[in-house]
Number of protein chains: 2
Amino acid sequence: MSTALPRRGIPDATVARLPDYLRVLTAMSARGIPSTSSEQLAAAVGVRSAKVRKDLSHLGNHGVRGVGYDVANLSMKIAAELGQAREWPVVIVGMGNLGRALAAYGGLASRGLRVIGLFDHDDAIAGQRVAGLPIRPMADLDSVARDADVIGVIATPGPSAKEAADALVAAGVTSILNFAPGSLAVPDEVELRKVDLATELQILAVHKQQRYAEVSRDVPLAGVAP
Amino acid sequence: MSTALPRRGIPDATVARLPDYLRVLTAMSARGIPSTSSEQLAAAVGVRSAKVRKDLSHLGNHGVRGVGYDVANLSMKIAAELGQAREWPVVIVGMGNLGRALAAYGGLASRGLRVIGLFDHDDAIAGQRVAGLPIRPMADLDSVARDADVIGVIATPGPSAKEAADALVAAGVTSILNFAPGSLAVPDEVELRKVDLATELQILAVHKQQRYAEVSRDVPLAGVAP
DNA sequence: TAGATTGTTAATCGATTAACAATC
DNA sequence: TAGATTGTTAATCGATTAACAATC
């Protein structure tokens with residue numbers, strides 16, 4: 001089962017933008033705006049209109065030439081594509097600051113992601129409530145995750161991430177998002193993605209540095225006095 | 001000042017991986033390993049060795065053919081490239097769960113990013129200490145950020161993000177990382193990057209959905225009984 | 001010299017973009 | 001019919017990868 005993967009793949013880059021379009025469409029809908037255009041969507045989201053049309057074309061052809069897109073209809077198509085037809089259960093392992101932030105993050109519910117379990121390695125904090133859910137001991141993970149087809153989130157400090165990943169895999173979880181620094185090994189059938197909160201900051205810092213480097217090279221005669 | 005930008009640009013994709021290499025090299029250094037190879041680095045980080053060599057070649061040629069890379073020397077080169085020659089001051093606006101998580105995030109200090117100020121819109125929590133720093137009222141932002149060439153981080157809820165961005169821009173900040181959902185408008189001279197914590201989860205959810213879709217299309221005769 | 005490993009080339013892939021024919 | 005806007009094409013760009021000549 002591989003070679004020619006069936007033409008179902010919407011590019012990840014497009015998937016990442018769909019929630020932005022959906023947010024704008026929802027706001028339009030709330031204001032009673034019945035239809036829109038790729039130009040308007042592009043302006044609201046901050047991309048080029050050609051990209052909007054390309055992205056939306058992956059969903060099928062839901063626009064009308066010369067007219068635009070129906071707000072309600074397009075909203076539904078995007079929501080469907082994002083899997084919001086059903087809710088995806090999420091468990092979070094690691095209830096430090098980051099885990100708590102994620103548990104309370106408003107952006108999840110609006111995208112069909114429902115947090116159903118919070119876990120921490122430290123049994124002493126078990127029972128505390130975060131965003132309405134109790135923190136549970138790791139021993140409970142299997143019973144919550146097994147057969148529920150959950151998405152697992154690792155929000156532990158770096159050193160505990162391996163333990164968290166092993167526990168998730170052992171409980172049958174096949175989709176894991178890792179916020180902890182460092183790389184993790186998981187079986188092939190498990191999809192593991194990683195988010196490093198510092199990466200984008202690092203890129204900003206490097207760009208800042210490059211801006212300085214450019215200035216000092218481009219204007220070598222500027223501040224000459226020794 | 002534009003057209004042919006001076007050949008200083010290390011690709012962002014490479015910059016994003018450099019901290020991973022540095023982390024592995026630091027661990028090797030601690031264990032007294034004097035040299036390594038692109039194969040070893042690749043295995044430790046979870047990429048192909050060709051990618052490692054390509055990435056490192058952007059830093060100049062610091063390896064020795066037939067031998068490998070000197071751990072200490074390569075560590076220094078990467079640290080220098082990442083701007084760790086100096087420390088970059090960071091201010092965080094929005095001290096909810098996410099802001100607190102970022103303030104305490106260990107990954108920052110190790111990359112030359114130093115949090116020097118925490119701010120919140122709600123003056124009632126001013127004075128509270130998070131990770132050793134006091135939360136300050138927004139009114140203090142200008143005095144802290146002005147002329148300090150800081151990187152600004154927006155960790156507010158979505159609706160407050162615009163206000164936070166305006167305050168940062170008004171204080172002269174030209175590099176901003178936005179963790180709040182929604183898009184922000186900033187002047188051209190300000191570099192704005194965005195991280196959406198839910199995006200990667202969303203991608204996992206869509207992939208999960210596609211896996212189901214594939215199964216039901218590929219094996220249409222499997223569970224037939226009505 | 002034989003063995004190892006880099007740095008670079010060239011092929012490939014995926015994403016972005018401008019332009020425009022198709023269509024309302 | 002004239003005007004507007006989509007959906008698609010083709011060019012471009014950046015990143016990944018395999019392969020290998022260069023070099024220790």
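In what follows, chains are A, B, ... by sequence order, proteins preceding strands, each numbered from 1.
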Worksheet item: What's the CG-P distance between A/Leu74 and D/dT5, to the nearest Å?
Response: 16 Å
Item to complete: Report the distance from atom CG of A/Asn61 to atom C1' of C/dA22, rounded to the nearest whole Å.
Response: 12 Å
Worksheet item: According to the Watson-Crick and G-U wobble definitions, with both distances under 3.5 Å, which nucleotide is paired to D/dA22?
Response: C/dT5
Worksheet item: Across all strands shown, which nucleotide pairs with D/dG14 by Watson-Crick or G-U wobble geometry, both distances under 3.5 Å?
Response: C/dC13
Worksheet item: At under 4.0 Å, does any side-chain N or O of B/Arg48 touch on OP1 or OP2 of D/dA19?
Response: no
Practice prompt. Kindly point out which of D/dT16, D/dT8, C/dA15 is positioned nearest to the side chain of B/Lys54?
Written response: D/dT16
Response to the item:
Smallest heavy-atom separation, A/Ala155 atom then A/Gly94 atom, equals CB-O, 3.7 Å
Worksheet item: Which part of the nucleic acid, if any, lies within contact of A/Ser49, taking any heavy atom under 4.0 Å across all strands shown: a base, the sugar-phosphate backbone alone, or nothing?
Response: nothing
Fill in: Nearest-nucleotide pick for B/Tyr69, side chain only, options being D/dG7, C/dT6, C/dA18
C/dT6
Practice prompt. Return the minimal non-hydrogen interatomic distance between B/Gly63 and B/Tyr69, and the atom names on each side.
Written response: CA-CD2, 3.4 Å
Discussion item. Once you apply a heavy-atom cut-off of 4.0 Å, does A/His62 come out as touching a base, just sugar-phosphate, or nothing?
Written reply: sugar-phosphate
Discussion item. Nearest to the A/Ala13 side chain among C/dG7, C/dA15, D/dT16, which nucleotide is it?
Written reply: C/dA15
Worksheet item: What integer distance in Å separates A/Arg65:CZ from C/dC20:C1'?
Response: 11 Å
Practice prompt. Kindly say if A/Ser38 contacts the phosphate of D/dT6, meaning a side-chain N or O under 4.0 Å from OP1 or OP2.
Written response: yes
Discussion item. Heavy atoms from C-beta onward define the side chain here; which of C/dA18, D/dT6, D/dT16 lies closest to that of B/Lys51?
Written reply: D/dT16
Worksheet item: Rounded to whole angstrom units, what separation is found between the CZ atom of B/Arg53 and the C1' atom of C/dT9?
Response: 12 Å
Item to complete: Give the rounded distance in Å between these two atoms: CD of A/Glu39 and P of D/dG3.
Response: 19 Å
Worksheet item: Want to settle it: does B/Val64 or A/Gly66 sit nearer the 5' end of DNA chain D, counting the closest nucleotide to each?
Response: A/Gly66
Fill in: Nearest atoms (heavy-atom pairs only) where B/Val71 meets B/Leu25
CG1-O, 3.5 Å
Worksheet entry | Heavy-atom closest contact (B/Ala180 atom, B/Gly158 atom, distance) | CB-CA, 4.1 Å
Worksheet item: Taking atom CZ of A/Arg114 as the centre, does the number of heavy atoms from other residues, nucleotides or ligands within less than 6.0 Å exceed 12?
Response: no
